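Report on the structure given below.
Just so it is clear, the model here is predicted, and its values are computed rather than measured.
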Amino acid sequence: MNLDALNDVQREAVLYDNGPQLVFAGAGSGKTRVITTKIAYLVAQKGLRPWEIMALTFTNKAAREMRERVEKLCGLEVESMWIGTFHSICLRLLRRYSAELPWPSSFVIYDDSDQEKMVVQTMRELDLDTKRFNPRSFQHFINSAKHFARSAEDRELVNDEPLNGKMRQVYRRYTEKMVSAGAMDFGDLIFQLLRLIEQNEGVRRELQSRWRYLLVDEFQDTNVVQYLLIRQLAAHHQICVVGDDDQSIYRWRGASIENIYRFEVDFPNTAVFKLEQNYRSTQTILDAANAVIVKNPQRADKRLWTENQRGQKIRYERTLTERHEADFVASEVLKLKRTFDYPLSEIAIFYRTNAQSRVLEDALRAKNLPYVVVGGFKFYERAEIKDLMAYLKVAVNPRDDVNLLRVINTPPRGIGKTTLDRLTTYQAANDVCLYDAIVATIPVESRRKTQKALSDVRRLIDELHSQYTELNALRMTELVLDRTEYVEYLKREDTIEAESRVENVHELLNACSEFVRVASDPSAAGFLDQIALESDIDQLDEPLEMVTMMTIHSSKGLEFGAVFLIGMEDGLFPHFNSKEREALEEERRLCYVAFTRARERLFITNARSRRRFNGPPVVNPPSPFLDDVPRELLDTDAFMNMPSQRQRQFSSSMPNHVARVPRDALRPGSHADDESQLVAEERGDVGPLGRAIDGGRGETDRFGREIDRSEAQIHDEHSIDRRFAGATSAESAGSFEIGATVYHTKFGKGVVQHASGVGPFSRITVRFPNHGVRKIVAKFLQPM
DNA sequence: GGAAGCTACATTTTT
DNA sequence: TGTAGCTTCC
């Protein structure tokens with residue numbers, strides 16, 4: 001076992017095994033190296049057997065990496081190690097002990113939207129108007145109760161909330177319905193296992209003696225229920241938790257930063273280790289990150305340092321609108337690629353909210369820069385995929401009312417509102433699941449057509465259910481497609497959207513066959529489990545030659561050579577929903593996480609005026625976090641935009657910097673240059689935007705932010721973009737010119753015949769040599 | 001029963 | 001901007 005590659009603290013942390021251990025691991029301090037080396041050491045030197053070790057992570061990606069690195073380190077058989085996410089390991093144990101649970105062993109996992117539907121059904125059943133009371137607040141109540149390990153009967157749940165009584169009532173009934181539907185939500189996976197351990201002595205003894213060493217990664221993001229679970233599992237054995245209180249960013253999901261402070265109290269004689277040397281970032285980036293995070297009170301005392309070079313200054317750019325911001329980013333990306341031969345896989349763009357990715361995508365596409373967006377609109381949340389997954393869930397578990405309800409008339413088979421109402425009434429009266437209600441109603445159904453439809457559905461469910469243990473996930477999905485004629489149903493729509501839906505179905509089949517190829521349990525049930533617990537970040541495996549775009553939350557644990565952090569505006573980041581002190585501190589940590597992802601280069605941008613949804617453009621001052629970054633670390637000529645917090649108001653005397661061509665974009669010959677110059681010149685005609693913003697002073701929107709009332713002018717700016725975008729960004733505005741040659745991934749080259757509307761979703765009529773004339777949504781076309 | 005068309009509504013981060 | 005849910009019409 002070679003420990004030479006470790007620094008002193010790292011080595012001590014690896015070797016220590018004399019009681020509870022808490023490792024503070026700053027960003028880029030070699031945390032994963034310590035954990036994996038420790039695991040390898042335990043097996044190779046300390047004689048632990050692989051299955052006596054459990055390591056808990058938050059993402060499958062982290063778990064996979066850990067497994068691979070341990071294997072590489074010691075060449076040991078790691079298959080039998082319990083390395084996985086909290087949720088997947090809990091699920092595995094719940095399935096194993098399902099006989100001890102009120103749930104059937106074939107229970108399915110409800111995602112957020114399934115859960116919301118169940119909440120709505122419960123509320124309706126209890127005569128709560130879902131218009132007057134937001135089901136989501138009830139859903140939130142249930143989830144946070146579970147984060148705190150509280151059941152509906154728990155006295156601790158009582159508080160002064162006016163709705164508290166109703167919420168408890170819904171929670172209780174919801175739980176009953178979940179049990180009889182054979183469904184667990186995310187919270188249940190942890191909470192129900194904890195309850196089982198607490199209440200069932202046999203299970204408790206077995207689990208407490210099963211593992212000799214428990215390691216927990218990202219400990220700062222555990223919530224109370226996870227903490228309690230850890231405490232149970234580690235009751236008689238060694239525990240090592242690794243985390244960084246400065247990177248705790250999941251408070252809203254119940255994560256309790258206190259866990260990391262409380263650990264030493266609950267586990268007496270804890271040895272504390274601090275990994276403070278950073279191997280990732282330049283001195284400049286670290287200085288900036290430290291300057292931001294140090295403003296948070298109540299952190300564990302530590303300071304990240306590095307022996308790395310000072311590096312480049314942080315590039316800060318304040319642009320006119322979010323479009324200009326996106327164009328700036330795209331130009332800089334292009335420059336990194338062309339001038340410095342930077343691999344695109346080393347470039348990432350981070351934003352606070354998913355909605356910000358859209359403009360950016362347009363800008364990147366305009367410059368033909370390939371990109372991937374992590375998260376956002378998820379594949380498995382698309383209607384057609386959810387439909388098919390719903391069929392699989394019902395096949396595994398016909399009692400799953402939420403999913404049966406989803407597909408009972410998809411494709412339409414003549415079971416409409418009237419019939420459904422009758423079924424629901426029957427259910428309420430007899431307290432049975434929907435499937436049983438169907439079975440019971442068929443003989444007494446008077447309308448022949450409906451009767452046939454119902455017995456067809458019943459036969460379909462029976463057939464699927466009878467096959468789910470026989471066929472693998474791929475064959476099952478094919479069976480569903482065959483019996484429901486789902487693809488034919490999609491094609492019947494005959495719209496452009498239908499086309500991409502059919503492609504998504506094929507994509508699902510691909511996912512199935514890949515799953516069947518590699519999974520140890522290739523059943524449909526196994527597939528459903530994996531999908532339920534798979535996150536978007538997990539998909540990000542091999543580095544692709546593409547720019548990666550994601551939220552800051554998703555970026556945690558990753559690193560890139562160059563990072564663009566966009567939307568650094570007060571109100572957006574920190575987000576206006578994060579006003580209270582704790583939330584604001586978390587925003588600050590989020591900023592720290594974002595900065596410390598970058599190895600060499602960090603770009604920070606914001607826009608003076610931003611359009612959200614349909615609302616008016618809103619003027620946002622720069623993020624207050626920027627004030628905390630020492631100016632000498634910044635490379636910018638936007639200082640004039642960074643007055644101190646108190647006097648941060650836009651003044652009419654502000655120079656016309658908005659018309660400025662990005663300083664180092666003035667090399668002749670590139671697209672970016674021509675474009676920005678044109679835009680800049682045009683803006684000169686329009687006049688300084690300072691005036692426009694003055695006009696808006698005093699008016700605020702519902703979030704207390706300044707509204708830019710000079711919409712006409714902003715509008716001008718937007719149309720300038722469009723007029724001068726030229727060939728490079730034609731499709732970002734969706735304004736394809738008639739006669740232009742375009743490219744479609746499926747139909748190949750074509751010529752634009754007609755265009756209606758503007759924007760990525762406008763319809764463009766294109767003549768393809770081999771596929772005739774077709775209407776295509778603009779975003780699927782590339783200019784040539 | 002079901003398609004189409006309308007309105008209202010909500011939008012932070014996600015295992 | 002997208003969609004969920006409602007109404008209207010066939």
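As a whole-Å value, the separation of A:Arg422 CZ from B:dG1 P is 8 Å. The interatomic distance linking A:Leu533 (CG) with B:dT14 (P) rounds to 17 Å, in whole Å. Atom CZ in A:Phe191 sits roughly 18 Å away from atom C1' in B:dT15 (whole-Å rounding). Distance A:Asp456 CG to B:dG1 P: 16 Å, rounded to the nearest Å. Look at CZ on A:Arg406: it is 13 Å from C1' on C:dT3, rounded to the nearest Å. To the nearest angstrom, P of B:dT13 lies 20 Å from CG of A:Asn223. Straight-line distance from the NZ atom of A:Lys417 to the P atom of C:dA4: 18 Å, rounded to whole Å. A:Arg352 places its CZ atom 13 Å from the C1' atom of B:dT11, with the value rounded to the nearest Å.
Ring-base stacking between A:Trp252 and B:dT13 is satisfied, the centre separation being under 5.5 Å and the plane angle under 30°. The aromatic ring of A:His553 does not stack onto the base of B:dT13, failing the criterion of a centre distance under 5.5 Å from the six-membered base ring together with planes under 30° apart.
Checked against B:dG1, B:dT12, B:dT15, the side chain of A:Thr450 finds its nearest nucleotide in B:dG1. Comparing B:dT12, B:dT14, B:dT15 by their closest approach to the side chain of A:Thr85 singles out B:dT15. Among the nucleotides B:dA3, B:dT13, B:dT15, the one closest to the side chain of A:His87 is B:dT15. Listed candidates were B:dT12, B:dA3, B:dT14. Nearest to the side chain of A:Thr353 is B:dT12. Closest to the side chain of A:Pro412, from the set C:dG2, B:dA3, B:dT14, is B:dA3. In the set B:dG1, B:dT12, B:dT14, B:dT12 carries the atom at the smallest distance from any side-chain atom of A:Asn577. Set against B:dT11, B:dT12, B:dT15, the side chain of A:Arg136 has B:dT11 as its closest nucleotide.
Across all strands shown, A:Leu590 has no heavy atoms under 4.0 Å from either base or sugar-phosphate atoms. Within 4.0 Å of A:Arg251, counting heavy atoms only, lies no atom of the nucleic acid at all. As judged by a 4.0 angstrom heavy-atom cut-off over every strand, A:Phe186 is placed among the base-contacting residues. No engagement by A:Lys449 is indicated, since no non-hydrogen atom pair under 4.0 Å with the nucleic acid exists. At the heavy-atom level, A:Thr418 lies under 4.0 Å from the strands shown only through sugar-phosphate atoms. In this structure, A:Asn60 reaches neither bases nor backbone, as no heavy-atom distance under 4.0 Å exists between it and the strands shown. Within the 4.0 angstrom heavy-atom criterion, no nucleotide atom of any strand lies near A:Asp221.
Geometric assessment of A:Arg95 against the ring of A:Phe107 yields a positive cation-pi assignment under the 6.0 Å and 45° thresholds.
Of the possible donor and acceptor atoms, one in the side chain of A:Trp103 sits under 3.5 Å from a partner among the backbone N and O of A:Ala183.
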Verdict with supporting geometry, A:Gln427 and A:Asp401, side chain to side chain donor-acceptor pair (under 3.5 Å) | CA-CA 11 Å; A:Gln427 271 191 274; A:Asp401 283 10; 2.9 Å; yes
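Inter-residue side-chain proximity for A:Gln139 and A:Gln115 is flagged as met; some heavy-atom pair is nearer than 4.5 Å.
Distances shorter than 4.0 Å separate some side-chain N or O of A:Asn409 from OP1 or OP2 on B:dG2.
Using a 30° and 60° split on the angle between ring planes, A:Phe86 and A:Phe58 fall in the tilted class, from 30° to 60°.
Each of A:Glu559, A:Glu65, A:Glu218 was compared with A:Lys31 under the salt bridge (charged side-chain N to carboxylate O under 4.0 Å, His left out) criterion, and only A:Glu218 meets it.
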